[in-house]
Number of protein chains: 2
Amino acid sequence: MTLLFQYFSKYNPLSKEAENAITEICSIVKIKKNQELQTFGHTCKTIYYINKGTARIYYYKDGIDITESFAFENNIIARVESLFTGNPSRKAIQILEDSEIVAINATQLFKLYDTYPEIERLFRKIFEVAYVDTVNRIEGIQFHSAEERYNALISEEPNILKKVPLKHIASYLGITQVSLSRIRAIK
Amino acid sequence: MTLLFQYFSKYNPLSKEAENAITEICSIVKIKKNQELQTFGHTCKTIYYINKGTARIYYYKDGIDITESFAFENNIIARVESLFTGNPSRKAIQILEDSEIVAINATQLFKLYDTYPEIERLFRKIFEVAYVDTVNRIEGIQFHSAEERYNALISEEPNILKKVPLKHIASYLGITQVSLSRIRAIK
DNA sequence: CTAATCCTTTAACATATGATAAATAATTAC
DNA sequence: GTAATTATTTATCATATGTTAAAGGATTAG
């Protein structure tokens, strides 16, 4: 949990009481590669923090497995399209490396917002940054070639090739695996 | 201002005191078509609500004018990539139809968050929904053809063709104007 | 009202990526 | 350790979108 609160303090430092309140609604999950942390069809009521390991959010589009996003050590992962709307999620979370994850009960977390405005502020800021990242990602998708996007991803996340199968990287980039192979072959 | 508080109440109803506090940091701007509501290069410190009219956020990419988003009546528009980071914005807001706009001073708004947690909550929820919309937009960009994206836009916003030049719609969709013309010609 | 400017379409050609299929390579299960 | 499965590459062909250029329409300024 120490790492989690270190991560939080980059956004909004918390009082000891607030930290304790959060600790009570967290649990630690150890989970192996290729397991599903969360499956399709349920309303998402958990926010995860990755202590150790790698995960992805994915869904099926016309029967094809599409990776929406990756999450690595020391980061938050959540299916916001369900968490923030209350709709059942069409997406699942899959573990890509043996992982240790903190699961934060979002239902209880949202209740804590009433007692601890500092906690509401913390998560407001976390998701504001995530929102900005998503806005910037659109620019990358629309105005860079697949090759540029691949190179950008590798330089942002140099170890991704050791952690994630290429097929997931291809769908994340919005191209087929065959195209990605072609791009990689050029060099 | 009535319309603004009606809009707010869909997200989080406010107390009379909170409404009054917000009213004090708002101003009404009447602005003509083709004017710039905000220009490039400054840190964004305003959130806008469109009472009447149409606007777009745009930027230049390799010298080409790109529309990031449109905003229509009864909606919020803000350059979040600057507002939430404090970085100067590479983007500008242009008015596309004669408009009446409520300008909310964000610096003062963020101060109100300390006194009125209900106001912080309101804007948290507004931007959570905007975040979800953006996540969903990525899916549209990556996994639909330009023609499908055009048709989806027209059915979501049937009046857009009367309000917005096609060249802006093309760059919003991530295609050239020539491509958009071709798509429109098919029918 | 006219000229100038800006917006939209059309055409011809170039290119990145998709689709399908088959061959290797790597990983996993027993 | 071997067989079975899964992941990746390579090849060929098809197609959507990009690029450039030019012409026709629409708007705007004076």
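Everything numeric in this text was worked out from a predicted model, so none of it was measured. Protein chains get the first letters and strands the later ones, always in sequence-line order, with residue 1 at the start of each.
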Let me know the distance between [atom1] of [X] and [atom2] of [N], rounded to the nearest Å.
X	N	atom1	atom2	answer
Lys162(B)	dT8(C)	NZ	P	16 Å
Gln177(A)	dA19(C)	CD	P	13 Å
Leu166(B)	dT8(C)	CG	P	4 Å

Exercise for the section: Assess the side chains of Arg137(B) and Thr134(B): does a donor N or O sit below 3.5 Å from an acceptor N or O? Expected result: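 No, Thr134(B) and Arg137(B) have no side-chain donor paired with an acceptor closer than 3.5 Å.
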Handout entry: Between Tyr59(A) and Asp65(A): side-chain donor-acceptor atoms closer than 3.5 Å
Key = no
Under the side-chain contact (heavy atoms from CB on, under 4.5 Å) test, which residues partner [X], sequence neighbours left out?
X	result
His144(A)	Glu148(A), Arg149(A), Lys61(B)
Thr54(B)	Phe72(B), Leu96(B), Glu97(B), Lys163(B), Val164(B)
Ser181(A)	none
Lys45(A)	Thr43(A), Thr107(A)

Practice task
Fit a plane to each ring of Tyr60(A) and Phe40(A), take the angle between them on a 0 to 90° scale, and name the class: parallel (under 30°), tilted (30 to 60°) or perpendicular (over 60°).
Solution key: tilted
Exercise for the section: Measure from the ring center of Tyr150(B) to the ring center of Tyr172(B) and say whether it is less than 6.0 Å. Expected result: no
Handout entry: Other residues, nucleotides, ligands: >12 heavy atoms within 6.0 Å of Glu100(B) CD
Key = yes
Problem - For chain A, the stretch of DNA chain D it reaches, first to last nucleotide, under 4.0 Å of its heavy atoms - result: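 Under 4.0 Å from chain A, the extent on DNA chain D is dA7(D) to dT12(D).
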Report all interatomic pairs (protein N or O, nucleotide N or O of nucleotides 22-27 of chain C) with separations under 3.5 Å.
none

Exercise for the section: Give me the bend of the helix from dC1(C)-dG30(D) to dC30(C)-dG1(D), using the axes of the five pairs at each end, rounded to 10°. Expected result: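 About 60°, once rounded to a multiple of 10°.
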Completion exercise
A correct 5'-to-3' footprint of nucleotides 11-18 of chain C, with B, S and - meaning base, sugar-phosphate only and no protein heavy atom under 4.0 Å, is BB----BB
Problem - Audit row: Lys16(B), Glu19(B), salt bridge (Lys or Arg N to Asp or Glu O under 4.0 Å) steps and yes/no - result: CA-CA 5 Å; Lys16(B) 205 67 207 158; Glu19(B) 286 194 357; 3.3 Å; yes
Identify every side-chain donor-acceptor pair in residues 28-36 of chain B under 3.5 Å, counting partners at least two apart or on other chains, and give the distances.
residue, atom, partner, partner atom, Å
Glu36(B), OE1, Tyr58(B), OH, 3.0
Glu36(B), OE2, Tyr58(B), OH, 3.1

For nucleotides 3-5 of chain C, print each protein N/O atom paired with a nucleotide N/O atom at under 3.5 Å, atom names and distance only.
none

Problem - Ion pair check, Arg124(B) and Glu128(B), cut-off under 4.0 Å - result: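 Between Glu128(B) and Arg124(B) there is a salt bridge, with a charged N closer than 4.0 Å to a carboxylate O.
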Practice task
Locate the shortest heavy-atom distance separating Ser82(B) from His42(B); write the atom from each residue and the value.
Solution key: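 Nearest pair, atom of Ser82(B) first, then His42(B): OG-O, 4.1 Å.
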Practice task
Return each pair, listed once, that meets ring pair (Phe, Tyr, Trp, His ring centres under 6.0 Å) where at least one residue sits in residues 10-37 of chain B; pairs must be two or more places apart or across chains.
Solution key: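 Passing the test, one end in residues 10-37 of chain B: Tyr7(B)-Tyr11(B).
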Fill in the blank from the handout: ring pair (Phe, Tyr, Trp, His ring centres under 6.0 Å) pairs touching residues 151-170 of chain B, sequence neighbours excluded, are none
